[in-house]
There are 2 protein chains.
Amino acid sequence: MSEVVADLSIGEVAERTGLSVHTLRFYEREGILANPVRRDSGGRRVYHENDVDWLNLCMILRASGMPLPAIRRYTELVRAGDGTEAERLVLLRKHRERVLDQMDQLRKCLDLVNFKVGVYEDALDQVAVSSATGTDARR
Amino acid sequence: MSEVVADLSIGEVAERTGLSVHTLRFYEREGILANPVRRDSGGRRVYHENDVDWLNLCMILRASGMPLPAIRRYTELVRAGDGTEAERLVLLRKHRERVLDQMDQLRKCLDLVNFKVGVYEDALDQVAVSSATGTDARR
DNA sequence: GGTTGACCTGGAGTCGACTCCAGCTCCTAG
DNA sequence: CTAGGAGCTGGAGTCGACTCCAGGTCAACC
């Protein structure tokens with residue numbers, strides 16, 4: 001019925017996630033993988049689609065400024081399973097606050113930059129117009 | 001008529017901006033101040049309100065992820081004065097793109113976190129309810 | 001059976017942005 | 001006149017998050 005879900009090499013995971021193989025090994029050392037990575041007969045890492053999903057989640061958290069120690073903690077809680085939901089919730093709520101703070105900062109910055117871009121656009125238009133009226137008589 | 005606008009010591013600037021005196025000296029080395037810092041007879045830095053304003057601008061840019069080299073470049077252009085507006089505009093537009101990208105990332109993350117927070121809140125409510133129905137018979 | 005290419009490890013290196021240290025000067029208050 | 005506090009400098013240290021290196025294994029293909 002369904003396709004056999006293939007195991008993945010570290011290189012394939014790198015390709016799928018956009019992380020480098022270096023980073024994947026580094027994240028593993030840092031305890032950032034929800035389930036411990038299996039190894040094949042030759043000692044090579046064997047990943048699963050789940051791992052890719054988890055890594056994508058982690059990448060979203062990282063991109064929003066969650067530090068690795070917090071991601072590690074969250075990972076530990078998920079690995080530990082039932083009974084850790086309360087702490088996960090605390091952790092996520094804390095991160096949400098940080099995200100909202102960052103959005104505020106960015107909005108502030110965006111306003112500023114929009115304003116300044118407007119100023120410079122106007123200034124340059126002025127220059128263009130005056131140089132046009134000075135040197136350009138077509139029409 | 002108007003108050004004499006006071007000169008400021010590095011400590012006062014630190015207090016007003018929230019940057020440390022270390023960071024202020026560091027930023028100066030990095031060329032992040034719009035006008036070169038004057039010194040008093042004893043070689044101490046003398047700042048002006050303008051510098052505080054400029055630093056506040058820089059802090060907004062930093063907080064939105066503009067790297068110091070870009071801020072330095074922008075500072076150089078402002079210092080250089082007329083004729084550099086076009087490049088300033090380019091720089092600001094580029095940063096605006098980055099800010100918008102970051103906002104997108106944050107929105108994505110916020111959706112995710114909101115969703116997960118919801119899931120955990122529901123899960124914990126469930127626990128609360130079932131433990132209540134198990135042990136608590138008031139009404 | 002030799003070469004390639006992907007993978008392995010432990011540990012070192014890099015980069016950005018601070019942050020701090022040692023040892024000094026200078027001013028002011030007691 | 002001296003003790004304290006704020007500043008000064010050049011340079012070193014720290015921290016987070018990668019990033020890379022040397023030297024080795026292993027399977028596959030020519």
Side-chain angles (χ1 to χ4, degrees), chain A residues 6-33 36-48 51-52 54-75 95 98 102 105 109, chain B residues 6-33 36-48 51-52 54-75 95 98 102 105 109:
Chain A
D7 288 338
L8 301 167
S9 71
I10 194 170
E12 288 164 332
V13 174
E15 208 171 322
R16 269 187 188 48
T17 58
L19 295 168
S20 72
V21 297
H22 297 302
T23 303
L24 287 170
R25 291 195 276 248
F26 170 68
Y27 277 7
E28 184 181 342
R29 277 207 290 288
E30 293 291 299
I32 295 300
L33 286 171
V37 185
R38 284 166 299 140
R39 303 302 181 106
D40 69 9
S41 54
R44 289 154 187 221
R45 290 170 178 82
V46 177
Y47 294 85
H48 201 270
D51 298 314
V52 174
W54 179 257
L55 285 165
N56 281 327
L57 164 61
C58 291
M59 287 172 75
I60 292 175
L61 295 175
R62 275 295 300 122
S64 61
M66 187 183 281
L68 288 186
I71 299 184
R72 168 167 47 237
R73 183 71 191 136
Y74 186 66
T75 305
H95 187 56
R98 279 196 301 261
Q102 284 183 79
Q105 294 269 5
C109 178
Chain B
D7 288 340
L8 300 167
S9 71
I10 194 168
E12 289 164 333
V13 174
E15 207 171 324
R16 269 187 188 44
T17 59
L19 295 168
S20 72
V21 296
H22 297 302
T23 302
L24 287 170
R25 291 194 277 248
F26 169 67
Y27 278 5
E28 184 181 343
R29 278 207 289 289
E30 293 290 301
I32 295 300
L33 286 172
V37 184
R38 284 164 302 141
R39 302 300 180 108
D40 69 9
S41 54
R44 288 154 188 220
R45 291 171 178 80
V46 177
Y47 295 84
H48 201 269
D51 297 313
V52 174
W54 179 256
L55 284 165
N56 282 327
L57 164 61
C58 291
M59 287 172 75
I60 291 174
L61 295 176
R62 277 291 302 120
S64 61
M66 187 183 280
L68 288 185
I71 299 183
R72 165 166 51 239
R73 183 71 192 135
Y74 186 65
T75 305
H95 187 55
R98 279 196 301 261
Q102 284 183 78
Q105 294 268 4
C109 178

Residue closer to the 5' end of DNA chain C, B:H22 versus B:M66 (nearest nucleotide) | B:M66
Can you tell me if the side-chain N/O atoms of A:R39 get under 4.0 Å from OP1 or OP2 in C:dC7?
-> no
N/O donor-acceptor pair under 3.5 Å between A:Q102 side chain and A:S64 backbone = yes
Check the distance between C:dA6's P and A:D40's CG and give it to me in whole angstrom.
-> 16 Å
Is a donor on one side and an acceptor on the other found under 3.5 Å between the side chain of A:R98 and the backbone of A:M66?
-> no
Sub-3.5 Å donor-acceptor pair from the side chain of B:R62 to the main-chain atoms of B:P67, do we have one?
-> no
So, do B:L57 and B:L61 sit near enough that their side-chain heavy atoms are less than 4.5 Å apart?
-> yes
Checking side-chain contact (heavy atoms from CB on, under 4.5 Å) for the pair A:H95/B:C109: CA distance, chi angles, key distance, verdict?
-> CA-CA 10 Å; A:H95 187 56; B:C109 178; 3.8 Å; yes
Begin with the C-alpha distance, continue with both residues' side-chain angles, and end with the deciding distance and a verdict on side-chain contact (heavy atoms from CB on, under 4.5 Å) for A:T17 and A:M59.
-> CA-CA 9 Å; A:T17 58; A:M59 287 172 75; 4.1 Å; yes
Candidate pair B:L24 and B:L33, rule side-chain contact (heavy atoms from CB on, under 4.5 Å), full reasoning = CA-CA 9 Å; B:L24 287 170; B:L33 286 172; over 6 Å; no
Of residues 10-18 of chain A, the positions that come close to DNA chain C - non-hydrogen atoms, cut-off under 4.0 Å = A:I10, A:G11
When every non-hydrogen atom of B:V52 is compared with those of B:R16, the smallest separation belongs to CG2-CD, 4.1 Å
Residues in contact with DNA chain D, drawn from residues 23-30 of chain B - heavy-atom cutoff 4.0 Å | B:R25, B:R29
Determine: side-chain N/O of B:S9 to OP1/OP2 of D:dG7, distance under 4.0 Å, yes or no.
-> yes
In whole angstrom, give the distance that lies between atom CG of B:D7 and atom C1' of D:dG7.
-> 16 Å
Under 3.5 Å, is there a donor-acceptor pair between the side chain of A:W54 and the main chain of A:T75?
-> no
Give every pair of a protein N or O atom and an N or O atom of nucleotides 22-29 of chain D that lie under 3.5 Å apart, one pair per line with the distance.
{"unit_1": "D:dC26", "atom_1": "O2", "unit_2": "A:R44", "atom_2": "NH2", "d": "3.4"}

B:R45 side-chain N/O to D:dC8 phosphate OP1/OP2 under 4.0 Å = yes
Any idea which heavy atoms bring B:E28 and B:Y47 closest together, and the distance?
-> OE1-OH, 4.0 Å
Does a sphere of radius 6.0 Å around CD in A:E15 hold more than 12 heavy atoms from other residues, nucleotides or ligands, not counting ones at 6.0 Å or beyond?
-> no
